[in-house]
S.K.: 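Dropping the structure in here first, questions after.
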Amino acid sequence: MRNLLSANFYRLVRSKVFYAGLLAAAGVEIYTLLSDYRGILNWKGGLEEAFFFYPMLVVLAMPAFCGIYLGTEYADGTLRSKLAAGIPRWKIYTANLIIAAAVSLALSTVGILAGLALGLPLVGGFHLSAQTLAAYLVCSCVVGVAAASFSTMLALLVPNRAVGLVVGILLTFALLFVGQSLMTTLIEPELVQESTQIVENGQVAYLTEYGAPMVPNPDYIQGIPRMLCTFFLYFLPTSQCFTVAFTAMDFPGLLLALGALFTLLTTAVGLGLFVRKDVK
């Protein structure tokens with residue numbers, strides 16, 4: 001295992017894709033802060049309002065990195081050489097998972113450092129308690145590791161590097177839309193002000209009068225559907241990143257638990273299939 005990890009990290013420090021990812025993580029964080037800092041200052045908000053967007057970049061970057069970096073082992077025949085040398089498959093899978101998790105943590109670290117270096121002098125400090133801030137920082141890293149586990153599974157189960165790369169990116173984008181829908185559904189308030197439907201030029205609009213009474217929101221879900229939406233919101237890294245980015249994480253302990261569960265499940269499934277896979 002030590003030799004596998006040494007070889008992986010040796011390749012990593014010479015990987016242009018890795019350094020491009022680090023630049024992208026810093027660039028996204030800097031761009032977000034520069035775009036939002038005036039609004040934050042005008043509304044006297046805290047740095048957290050534009051700080052935690054780096055997990056979204058990590059979730060998108062990991063399928064690309066794993067598809068290119070790990071997929072190369074199929075394309076170059078390295079994987080078959082390792083198997084011919086008698087290296088157990090579980091060691092190969094675990095070493096690749098560790099390198100992917102390390103990359104996700106590196107991307108998160110760069111995002112955090114870039115955000116602090118620019119955000120503190122530009123906007124000021126956070127309006128969060130130390131405990132809440134620590135929870136968001138830890139959970140943001142958990143999101144990255146979960147995304148790394150998912151991306152490692154895809155990259156090692158699809159032997160064609162190009163196909164694996166495309167499948168990973170497209171599936172991640174699809175799951176991001178799912179995550180956005182879950183977030184939008186769950187932030188609907190239970191009560192809204194009563195409004196009147198009007199039609200102008202064939203377009204339907206809703207007029208709310210000042211002081212209108214509060215009525216039940218028809219878009220608010222409850223019961224089992226709400227429980228299921230909450231579970232998947234905190235289970236999928238492609239939806240976890242939204243709760244962190246918009247500081248809407250009501251249950252940090254749940255995210256930590258379900259993030260760990262997602263990582264364990266994808267690792268178990270990926271390793272189980274990889275051990276039985278016919279590597280040609």
S.K.: Can you tell me how far apart SG (Cys229) and CD1 (Ile224) are? Round to the nearest 0.5 Å.
M.R.: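 Separation between the atoms: 12.0 Å.
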S.K.: Using the rule side chain to side chain contact (heavy atoms under 4.5 Å, CB included), only one of Thr243, Thr247, Leu47, Ile112 pairs with Phe52; which is it?
M.R.: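 By the side chain to side chain contact (heavy atoms under 4.5 Å, CB included) criterion, Phe52 pairs with just one of Thr243, Thr247, Leu47, Ile112: Thr247.
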S.K.: Side chains of Leu233 and Leu186: closer than 4.5 Å at any heavy-atom pair?
M.R.: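 Leu233 reaches Leu186 side chain to side chain.
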S.K.: Of all heavy-atom pairs between Ala155 and Gly67, which one has the smallest distance, and what is that distance?
M.R.: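 Answer, listing the atom of Ala155 first, then Gly67: CB-N, 4.2 Å.
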S.K.: So, Thr132 side chain and Leu128 main chain: donor-acceptor pair closer than 3.5 Å or not?
M.R.: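 Not confirmed, Thr132 side chain does not pair with Leu128 backbone.
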S.K.: Relative to each other, are the rings of Phe65 and Tyr69 parallel, tilted or perpendicular (30° and 60° limits)?
M.R.: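 Ring orientation of Phe65 relative to Tyr69: parallel.
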S.K.: Taking everything shown except Arg226 itself, do over 12 heavy atoms lie less than 6.0 Å from its CZ?
M.R.: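 Atom CZ in Arg226 is crowded, with more than 12 foreign heavy atoms closer than 6.0 Å.
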S.K.: Please report the interatomic distance CG(Asn8) to CD1(Ile92), rounded to the nearest 0.5 Å.
M.R.: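 Interatomic distance, Asn8 CG to Ile92 CD1, rounded to 0.5 Å: 10.0 Å.
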S.K.: Check the pair Phe274, Asn96 against side chain to side chain contact (heavy atoms under 4.5 Å, CB included), reporting the backbone distance first and the verdict last.
M.R.: CA-CA 12 Å; Phe274 181 71; Asn96 286 330; over 6 Å; no
S.K.: Are Met62 and Val269 joined in one hydrophobic group, where the rule is that I, L, V, M, F, W and Y side chains link up if heavy atoms are under 4.5 Å apart?
M.R.: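 Yes; Val269 is reachable from Met62 via cluster members.
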S.K.: Kindly confirm or rule out a cation-pi arrangement of Arg89 over Tyr93, judged by NZ or CZ under 6.0 Å from the six-membered ring centre and within 45° of its axis?
M.R.: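 No cation-pi geometry.
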S.K.: For Val28 and Thr32, work out which heavy atoms get closest and say how close.
M.R.: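 For Val28 versus Thr32, the nearest heavy atoms are O-OG1, 2.8 Å.
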S.K.: Identify the heavy atoms of Pro55 and Val143 that sit nearest to each other, and give their distance.
M.R.: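 Of all heavy-atom pairs spanning Pro55 and Val143, the closest is CB-CG1, 4.4 Å.
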S.K.: Side chain to side chain donor-acceptor pair (under 3.5 Å): which pairs involve residues 152-177, sequence neighbours left out?
M.R.: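 Checked against side chain to side chain donor-acceptor pair (under 3.5 Å) - neighbours excluded - the pairs reaching residues 152-177 are Thr72-Arg161.
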S.K.: Does the side chain of Ser181 pick up a donor-acceptor pair with the side chain of Thr184 at under 3.5 Å?
M.R.: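 No.
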S.K.: Under 3.5 Å, is there a donor-acceptor pair between the side chain of Ser149 and the main chain of Ala146?
M.R.: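 No.
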S.K.: Donor-acceptor check, side chain of Arg14 to backbone of Tyr10, threshold 3.5 angstrom: yes or no?
M.R.: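 Yes; judged by distance alone, with no hydrogens or angles, the pair exists.
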S.K.: Can you list the steps and then say if Leu256 with Cys139 is a side chain to side chain contact (heavy atoms under 4.5 Å, CB included)?
M.R.: CA-CA 6 Å; Leu256 290 174; Cys139 287; 3.8 Å; yes
S.K.: Evaluate the criterion side chain to side chain contact (heavy atoms under 4.5 Å, CB included) for residue pair Thr263 and Phe150; output intermediate values, then yes/no.
M.R.: CA-CA 7 Å; Thr263 301; Phe150 178 69; over 6 Å; no
S.K.: State the CG-NZ distance between Asn3 and Lys91, to the nearest 0.5 angstrom.
M.R.: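 One gets 9.0 Å once the value is rounded to the nearest 0.5 Å.
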S.K.: In terms of hydrophobic clusters joined by side-chain contacts under 4.5 Å, are Met56 and Leu23 together?
M.R.: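 No: no chain of side-chain contacts under 4.5 Å links Met56 to Leu23.
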S.K.: Of all residues at least two apart in sequence or in a different chain, which pass the ring pair (Phe, Tyr, Trp, His ring centres under 6.0 Å) check with Phe262?
M.R.: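 Only Phe235 meet the ring pair (Phe, Tyr, Trp, His ring centres under 6.0 Å) criterion with Phe262.
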S.K.: Kindly work out whether a path of hydrophobic side-chain contacts (I/L/V/M/F/W/Y, heavy atoms less than 4.5 Å apart) joins Leu118 to Leu41.
M.R.: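 Same hydrophobic cluster.
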S.K.: Using every non-hydrogen atom in the two residues, find where Tyr19 and Leu12 come nearest and quote the distance to one decimal.
M.R.: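 Smallest interatomic distance, heavy atoms only, reads CE1-O, 4.4 Å.
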S.K.: To check you understand the geometry: which heavy-atom pair defines the closest contact between Tyr136 and Met249, and what is its length?
M.R.: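 Closest approach of Tyr136 to Met249: OH-N, 3.1 Å.
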S.K.: Sort out for me which residue in Leu165, Leu171, Val167 forms a side chain to side chain contact (heavy atoms under 4.5 Å, CB included) with Ile169.
M.R.: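 Among the candidates, only Leu165 passes.
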S.K.: Under 3.5 Å, side chain of Ser239 to main-chain N/O of Gly179, donor-acceptor pair present?
M.R.: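 Looks like no, no N/O pair under 3.5 Å.
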S.K.: Ser108 and Ser140: side-chain donor and acceptor closer than 3.5 Å?
M.R.: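 Ser108 vs Ser140: no donor-acceptor pair found between side chains.
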S.K.: Among the clusters formed by ILVMFWY side chains lying less than 4.5 Å apart, do Leu170 and Leu157 turn up in the same one?
M.R.: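 Different clusters: Leu170 never reaches Leu157 through Ile, Leu, Val, Met, Phe, Trp or Tyr contacts under 4.5 Å.
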S.K.: Name all residues meeting the side-chain contact (heavy atoms from CB on, under 4.5 Å) criterion together with Leu254; count only those two or more places apart in sequence or in a different chain, and write none if there are none.
M.R.: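 Per chain and number, Leu254 pairs via side-chain contact (heavy atoms from CB on, under 4.5 Å) with Thr230, Tyr234, Phe251, Leu258.
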S.K.: Any chance you could lay out the side chain to side chain contact (heavy atoms under 4.5 Å, CB included) test for Leu4 and Ile98, step after step, and finish with the verdict?
M.R.: CA-CA 10 Å; Leu4 288 175; Ile98 290 173; over 6 Å; no
S.K.: Between atom OG1 of Thr267 and atom CH2 of Trp90, what is the distance when rounded to the nearest 0.5 Å?
M.R.: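 Nearest 0.5 Å value for the OG1-CH2 distance: 13.5 Å.
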S.K.: Roughly how far, to the nearest 0.5 Å, is the CG atom of Leu182 from the CG atom of Leu228?
M.R.: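 Going from the CG atom of Leu228 to the CG atom of Leu182 covers 10.0 Å.
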S.K.: Can you find a heavy atom in the side chain of Pro189 that is under 4.5 Å from one in the side chain of Asp219?
M.R.: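 Side-chain contact under 4.5 Å: no.
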S.K.: Is the number of heavy atoms from other residues, nucleotides or ligands under 6.0 Å of Phe173 CZ greater than 12?
M.R.: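 No, not enclosed.
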S.K.: Are Val145 and Tyr54 joined in one hydrophobic group, where the rule is that I, L, V, M, F, W and Y side chains link up if heavy atoms are under 4.5 Å apart?
M.R.: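 Per the 4.5 Å side-chain linkage, Val145 and Tyr54 are not co-clustered.
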S.K.: Which atom names give the shortest non-hydrogen contact between Ala245 and Phe53, and what distance separates them?
M.R.: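 Scanning both residues, the minimum pair turns out to be O-CE1, 3.8 Å.
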S.K.: Taking atom OG1 of Thr94 and atom CG of Leu271, what is their separation to the nearest 0.5 Å?
M.R.: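 These two atoms lie 6.0 Å from each other.
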S.K.: Side chains of Leu116 and Phe51: does their closest heavy-atom pair fall under 4.5 Å?
M.R.: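 Counting from C-beta outward, Leu116 and Phe51 do come under 4.5 Å.
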S.K.: Can you tell me if Tyr220 has over 12 outside heavy atoms packed within less than 6.0 Å of its OH?
M.R.: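 Yes, the 6.0 Å shell around OH holds more than 12 heavy atoms from other groups.
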S.K.: So, Glu190 side chain and Pro216 main chain: donor-acceptor pair closer than 3.5 Å or not?
M.R.: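 Judged by distance alone, no pair lies under 3.5 Å.
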